[in-house]
2 protein chains.
Amino acid sequence: MDARRRDEIPLADSLAERLARGDVFSEACPSREVLRNVTSRWGVLILVALRGGTHRFSDLRRKVNGISEKMLAQTLQTLEQDGFVLRVAHPVIPPHVEYSLTPVGQEVSRRVEDLADWIERSLPQILQARETAQTRAV
Amino acid sequence: MDARRRDEIPLADSLAERLARGDVFSEACPSREVLRNVTSRWGVLILVALRGGTHRFSDLRRKVNGISEKMLAQTLQTLEQDGFVLRVAHPVIPPHVEYSLTPVGQEVSRRVEDLADWIERSLPQILQARETAQTRAV
DNA sequence: CAGGATCCTAAACGATACTG
DNA sequence: CAGTATCGTTTAGGATCCTG
């Protein structure tokens, strides 16, 4: 069958097609939102930090240098809602809450860590490229 | 020589050590800034888009759905300064400018794409986890 | 066509104070 | 301890107009 005539679909990617594919390039696609959560300023660091195992709130706060209480709580909540982070609260006083990665969370965080590690390792190279760019600009 | 006595460095990670390692957890470390540029809202999408090969400004604008001219120009500039993107301007009227990935740029973008791809593929699973979380909340 | 300049809004973020 | 609530600041981002 040849239902797809040349002049019927002028654009290569219809919106519907991109949504079905989960296309991050599509503005309306939910994958773009998830990608934003994962790659958010603090999301990245929290995901990597949790690879070290279960952490308490204050542990994370210490580990992720410079994060405020507010942002830590907020980012943990969105990561939990996306199913990447598991939150376990022990009903004791004073409160004791433990955060860890879910199986899916381990999968994303692995990729995030790959990226972060690469940047850390390549930092000298990158900084040098920057200076070269500066020189050219002058 | 034993210049490093027990009570001299009480913290496991001194700032100097973390900077030397290029530690993203360290607030002052440049790697954190590079990571931010790469994982910025539009940075991610542009890096992935450029994997398809050389693009002109307007091509990118079309491909990265929803980006404004301002943010496209701005993000391309920081990516260029980090040495990930190469900008080639042909001195003609009307202007013709081509953007592509540098060798280093290809390396980061590969990892960024890995992440984006994983999210696209796992989207159904993720969305389902979200709904489950919603149900628990109710 | 590829932006730069300007103005403005909305969102992110931080600091602080407070609570079970 | 693990947050929430509130407020003020800063930054990201968009819209529009302009130019070589």
Side-chain angles (χ1 to χ4, degrees), chain A residues 24-25 27-28 32-47 49-50 54-82 85-100 133 136-137, chain B residues 24-25 27-28 32-47 49-50 54-82 85-100 133 136-137:
Chain A
V24 287
F25 288 129
E27 227 180 330
R32 192 128 142 190
E33 192 192 334
V34 175
L35 187 61
R36 260 194 103 176
N37 295 343
V38 168
T39 62
S40 72
R41 177 171 182 191
W42 302 114
V44 178
L45 299 177
I46 292 175
L47 285 173
L50 284 177
T54 299
H55 284 68
R56 297 183 61 169
F57 189 86
S58 37
D59 292 340
L60 283 172
R61 186 138 160 57
R62 263 184 298 277
K63 193 158 184 177
V64 181
N65 215 274
I67 193 170
S68 68
E69 285 187 9
K70 178 185 168 184
M71 289 314 295
L72 180 54
Q74 186 174 304
T75 310
L76 280 170
Q77 279 172 20
T78 73
L79 290 178
E80 192 194 356
Q81 276 168 29
D82 285 348
V85 163
L86 179 69
R87 177 183 184 273
V88 178
H90 302 281
V92 292
I93 295 179
H96 185 113
V97 182
E98 296 190 327
Y99 293 94
S100 57
R136 265 200 305 272
Chain B
V24 287
F25 288 130
E27 225 180 331
R32 191 129 140 190
E33 191 191 335
V34 175
L35 187 62
R36 259 194 102 176
N37 294 343
V38 168
T39 62
S40 72
R41 177 170 183 189
W42 302 116
V44 178
L45 298 177
I46 292 175
L47 284 173
L50 283 178
T54 298
H55 285 68
R56 298 183 61 170
F57 189 86
S58 38
D59 290 340
L60 283 172
R61 186 138 158 58
R62 262 184 298 276
K63 192 159 184 175
V64 181
N65 216 275
I67 193 171
S68 68
E69 286 187 9
K70 179 187 169 184
M71 290 314 295
L72 181 53
Q74 187 174 304
T75 309
L76 280 170
Q77 279 172 19
T78 75
L79 291 177
E80 191 194 356
Q81 277 168 29
D82 285 346
V85 163
L86 179 69
R87 177 182 184 275
V88 178
H90 302 280
V92 293
I93 295 180
H96 185 112
V97 181
E98 295 190 328
Y99 292 94
S100 58
R136 265 199 306 269

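Numbers restart at 1 for each chain; the letters A, B, ... are given by sequence-line order, proteins then strands.
Closest to the side chain of B/K70, out of C/dC7, D/dC1, C/dA2, is C/dC7. Of the candidates D/dG14, D/dG3, C/dA2, D/dG14 carries the atom nearest the B/S68 side chain, counting heavy atoms from C-beta on. Of the listed nucleotides (C/dA2, C/dC13, D/dA2), D/dA2 has the atom at the smallest distance from the side chain of A/V97. Looking at the side chain of B/P94, the nearest of the listed nucleotides D/dT4, C/dA2, C/dC1 is C/dC1. The side chain of A/R41 lies closest to C/dG14 when the candidates are D/dA2, C/dG3, C/dG14.
Looking at A/L35 and B/V44, their side chains come closer than 4.5 Å, going by heavy atoms from C-beta outward. Two residues are said to be in side-chain contact when any heavy atoms from C-beta on lie closer than 4.5 Å; B/F57 and B/V97 fail this criterion.
Whole-Å rounding puts the B/I46 CD1 to C/dA2 C1' distance at 14 Å. Taking atom CZ of A/F57 as the reference point, atom P of C/dT19 lies 18 Å away to the nearest angstrom. Rounded to whole angstrom, the span from the CG atom of A/L72 across to the P atom of C/dG14 amounts to 11 Å. As rounded to whole Å, 15 Å separates atom P of C/dT6 from atom CD of B/Q74. In this structure, the CD atom of B/E69 is 14 Å from the P atom of C/dA5, given to the nearest Å. At whole-Å resolution of the value, CD in B/E98 and P in C/dG3 are 12 Å apart. In this entry the distance linking CG of A/L76 with P of D/dT4 reads 10 Å, nearest Å. Note: CG (A/L45) to P (C/dC13) measures 11 Å, nearest angstrom.
At distances below 3.5 Å, at least one donor-acceptor pair connects side-chain atoms of A/R32 with backbone N or O atoms of A/V24. For A/R56 (side chain) and A/E98 (main-chain N/O), no donor-acceptor pair under 3.5 Å exists by modelled atom type.
In terms of phosphate contacts, B/S40 brings no side-chain nitrogen or oxygen within less than 4.0 Å of OP1 or OP2 of D/dA12. Regarding contacts with the backbone of C/dC1, every side-chain N or O of B/R61 stays at 4.0 angstrom or more from both OP1 and OP2. OP1 or OP2 of C/dG3 has not a single side-chain nitrogen or oxygen of B/Q77 nearer than 4.0 Å. Regarding contacts with the backbone of D/dC1, every side-chain N or O of A/Y99 stays at 4.0 angstrom or more from both OP1 and OP2.
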Could you walk me through whether A/V85 and A/L50 pass the side chain to side chain contact (heavy atoms under 4.5 Å, CB included) test, one step at a time? CA-CA 9 Å; A/V85 163; A/L50 284 177; 3.7 Å; yes
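Between A/M71 and A/P95, the one whose closest nucleotide on DNA chain C sits nearer the 5' end is A/M71.
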